[in-house]
Amino acid sequence: MNLFSSVKSILVKDLIIEFRNRYVLGGILLYVFSSVLVIYFALQYNNSIQELSPVVWSVLFWLIILFSSVNAIANSFFREPEGRFFYYYWLISPQALILAKLCYNFIFTLGLSLLTFGIFSLMVNDPVVNYPVFLITIVLGGTGYSFLFTTMSAIASRAGNNATLMAVLGFPLVIPLIIFLTKLSAAAIASPGFTEETVKNIWMLLAFNIVQPTLALILFPYIWRD
Amino acid sequence: MTRYFLTLISFFLSLCTFAQGESVATSNNFMLSNHKVFVSVAVLTIILLLIFSFLFWIERRLKQLEDRQKN
Amino acid sequence: MNWLYTKWWKWLSAVLLFYVVIGSYMVPLSPGISKIGPLSFSPDSIYTFTISGYHTHFKDPGVGKIQFWFKSGNDYFQAKDLNILSANTGEVKFGIGSNQQDSLKTNNFDIIGNDDIDGTFALREGVTLIKASKVDSSSTVNATTGPVEVVHNKHQFLAFPYREILYESIRNTFFHVPMWFVMTALVFFSLVCSVIYLTKGNSLYDVFAHQSIVAALLFGICGLATGMVWAKNTWGHYWVNDPKLNGAAVGVMIYFAYLVLRGSITDEIKRARIAAAYNIFSLVIFALFIYIIPRLTDSLHPGNGGNPAFSKYDLDSSLRMFFYPASIGWILLGFWIFSILTRLELIKQKQEL
């Protein structure tokens, strides 16, 4: 099997499993919904939804996505039974497996971010004025989160499927990412145009999103091999 | 054990920043005029001496252990 | 491998650090002005200002002509009737006419002094002129901008630069800054060892990578401790919101996570491989940000966000005399601690066989 077709077949397999086990998908949806609800009630009963500043709004938004994507992505390697990796090992190259997982998690996290934005704007509010910048931020943020946590979940799954470990390993590395994401989405709320600062931040996130999968591709064979 | 001890010692090392003088002086050449500076230098020297003698002592112990393992 | 066991560089580190600790405390600060009173004045009358110097030598023989200027913008106004009270205090008379007040670039005057031993020393924005509401044309008070002629611009003895805010704590440069050099050196050494381990598969390099991270964490914590004490003295708080500080904290956190990761895998070969992979991954991501974020945002540290670069004029020759030996000494000490940890680990591994 060549790289492309094996990536495709694992991706399709993962998507099919996801839709067959609808309760996993439903669980994540409910996770997002209930965390938005918690924030909504915490803000509503202090009458502070109206005076929510752009920065606080984006921090809350990206934190919800952070926690729900950690939960969702943790499944991607933990879900596979122990024996199945041996099976994959005979069939495909490790690069194909990590590429498929990266793609799958990218699609999943992107969907999750858009959904979170939908629920967030419905329940809390939607202060965004600059939708192009905000959409770019969501795409870049979803990519960054999914790539980082896919790699961390691969590492954590080798260290005895420890979900705490994934957070411990991933959270320090996600801090720089979250700084740029909140900056960008605050800019999307505050100003309608592309400022020089915004473009610089977008380039930073792009660089991050290129370096990460490259490293993951290079290092995954060592992580995966038994 | 060694590791914790080293950590402790290195924390003591950072104490030298406490020994630095007040910012406003009245007498000429503040650091040398009152003899406090000699006290802090003496304390620092003793701490450094302790660290280095400890490190060299560990070196000797390690050498003994390595020699014992070789035989 | 043999360099772990050789002794000469360990002795060198001991000698260098003794030189730095003793030498740096014996070198005084260069002259400066610590206080002036009164702090503000009005035009059209002559004031007597008392100037308190710091490490100045007004009473020494060979002090030559002692001069003071009040500087506003680029104008040097000569202060008159100097009266030396002690080696560190003097009185000068100075006044400015209300017809001159509108030609001033700024109301804040820098106080500049000069003599043959102490060179030029200054207090930035020491006194403030409270402008008169209307010009009094009958006033006879008039400040003159004389030609500035000095014998020496630099102090004539070995001294560290006198910096407001830092003062005597400038010596922490020899302790705080090298800590980060050591941490960076050890972390990059660990990165190289991890890469070698993944390509060659020699378990010795895994021990190197692990133990250098332990040593680097030790120095990272020391760097944070020395930095916090220094920050309390200069910026007023133990922790300030500064990209370099936060980056350092994140770095220390990443390496604690590395140790946690190592602790959670029992199989040795698997542990070595996965830890090496995490080490490379996290360091590259972290380095990408630690070198970019401080350059994008303002920092209180020198060299970032419009602050003057460290090498530009913060490090003068007297600081360099101790700073370079300190850096080399601390880095050697860091590798010494690393070598001890490594040898201990190797002995432990042999014992288990």
Side-chain angles (χ1 to χ4, degrees), chain B residues 1-33 35-71, chain C residues 5 7 10-11 13-14 17-18 21-22 25-29 34-35 52-60 86-89 164-172 175-176 179 214-215 217-219 221-230 233 333 336-337 339-341 343-344 346-347 350-351:
Chain B
M1 185 54 208
T2 320
R3 211 168 282 174
Y4 297 117
F5 203 65
L6 279 176
T7 320
L8 204 70
I9 280 178
S10 308
F11 263 118
F12 280 126
L13 249 188
S14 68
L15 287 181
C16 52
T17 46
F18 284 114
Q20 294 184 352
E22 287 282 306
S23 55
V24 179
T26 44
S27 63
N28 194 21
N29 205 339
F30 174 75
M31 287 295 272
L32 295 178
S33 65
H35 295 284
K36 271 183 192 161
V37 66
F38 296 110
V39 177
S40 44
V41 168
V43 169
L44 277 174
T45 314
I46 289 168
I47 290 171
L48 265 191
L49 266 177
L50 280 176
I51 290 172
F52 283 113
S53 47
F54 175 65
L55 285 173
F56 277 116
W57 175 75
I58 287 185
E59 286 259 314
R60 228 187 46 226
R61 289 282 298 155
L62 282 175
K63 189 115 189 79
Q64 284 172 1
L65 280 172
E66 278 158 0
D67 287 344
R68 203 184 298 160
Q69 270 188 342
K70 253 180 213 159
N71 300 330
Chain C
Y5 300 94
K7 276 245 166 70
K10 296 163 187 171
W11 282 108
S13 108
L17 288 182
F18 271 110
V21 164
I22 297 170
Y25 275 77
M26 289 308 173
V27 173
L29 278 195
S34 60
K35 248 192 329 210
S52 306
Y54 187 74
H55 286 192
T56 46
H57 300 78
F58 295 157
K59 290 264 182 179
D60 276 30
S86 76
N88 275 324
T89 42
E164 285 151 38
I165 303 174
L166 286 182
Y167 303 110
E168 302 277 5
S169 80
I170 200 164
R171 290 179 183 83
N172 203 358
F175 302 96
H176 171 66
M179 294 290 168
V214 174
L217 268 177
L218 200 81
F219 278 88
I221 291 166
C222 288
L224 280 181
T226 49
M228 277 163 82
V229 174
W230 210 8
N233 264 325
L333 183 69
W336 187 0
I337 290 174
S339 82
I340 285 172
L341 291 173
R343 284 166 69 181
L344 207 65
L346 290 177
I347 290 170
K350 259 190 195 166
Q351 206 75 36

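As a basis for the values below, the full set of heavy atoms in this structure was taken, side chains included, without hydrogen atoms, waters or symmetry mates. By convention in this document, chain letters (A, B, ...) are assigned in the order of the sequence lines, proteins followed by strands, and residues within each chain are numbered from 1.
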Q. Which value, rounded to the nearest 0.5 Å, describes the distance between C:Ile340 atom CD1 and B:Phe56 atom CZ?
A. 9.0 Å

Q | Considering all heavy atoms, the nearest B:Glu59-C:Lys7 contact | A | OE1-CE, 3.6 Å

(Q) Using 0.5 Å steps for rounding, measure from the CG atom of C:Leu17 to the CG atom of B:Leu48. (A) 6.0 Å

Q) For the atom pair CG (B:Leu55) and OG (C:Ser339), what is the distance rounded to the nearest 0.5 Å? A) 8.5 Å

**Q.** Engaged part of C:Lys59 at the chain B interface, taking heavy atoms whose separation is under 4.5 Å
**A.** neither

Q | Shortest non-hydrogen contact between C:Tyr25 and B:Val37, atoms and distance | A | O-CG2, 3.6 Å

Q) For chain C, which residues from residues 64-71 of chain B have at least one heavy atom closer than 4.5 Å to it? A) B:Leu65, B:Glu66, B:Gln69

Q | Which of C:Ala215, C:Ala14, C:Gly223 touches chain B most, by non-hydrogen pairs under 4.5 Å | A | C:Ala14

Q: For this output row, return yes or no: ring centroids of B:Phe52 and C:Trp11 closer than 6.0 angstrom.
A: no

Q. Atom CZ in C:Phe175, atom CG in B:Leu44: separation rounded to 0.5 Å?
A. 6.0 Å

Q: Drop me the distance from C:Ile347's CD1 to B:Leu62's CG, to the nearest 0.5 angstrom.
A: 4.5 Å

Q) For C:Val21 and B:Val41, what are the C-alpha separation, side-chain angles and deciding distance, and is it a side-chain contact (heavy atoms from CB on, under 4.5 Å)? A) CA-CA 7 Å; C:Val21 164; B:Val41 168; 5.6 Å; no

Q) Which answer fits C:Thr89, side chain, backbone, both or neither, if we ask what part of it has an atom under 4.5 Å from a heavy atom of chain B? A) neither

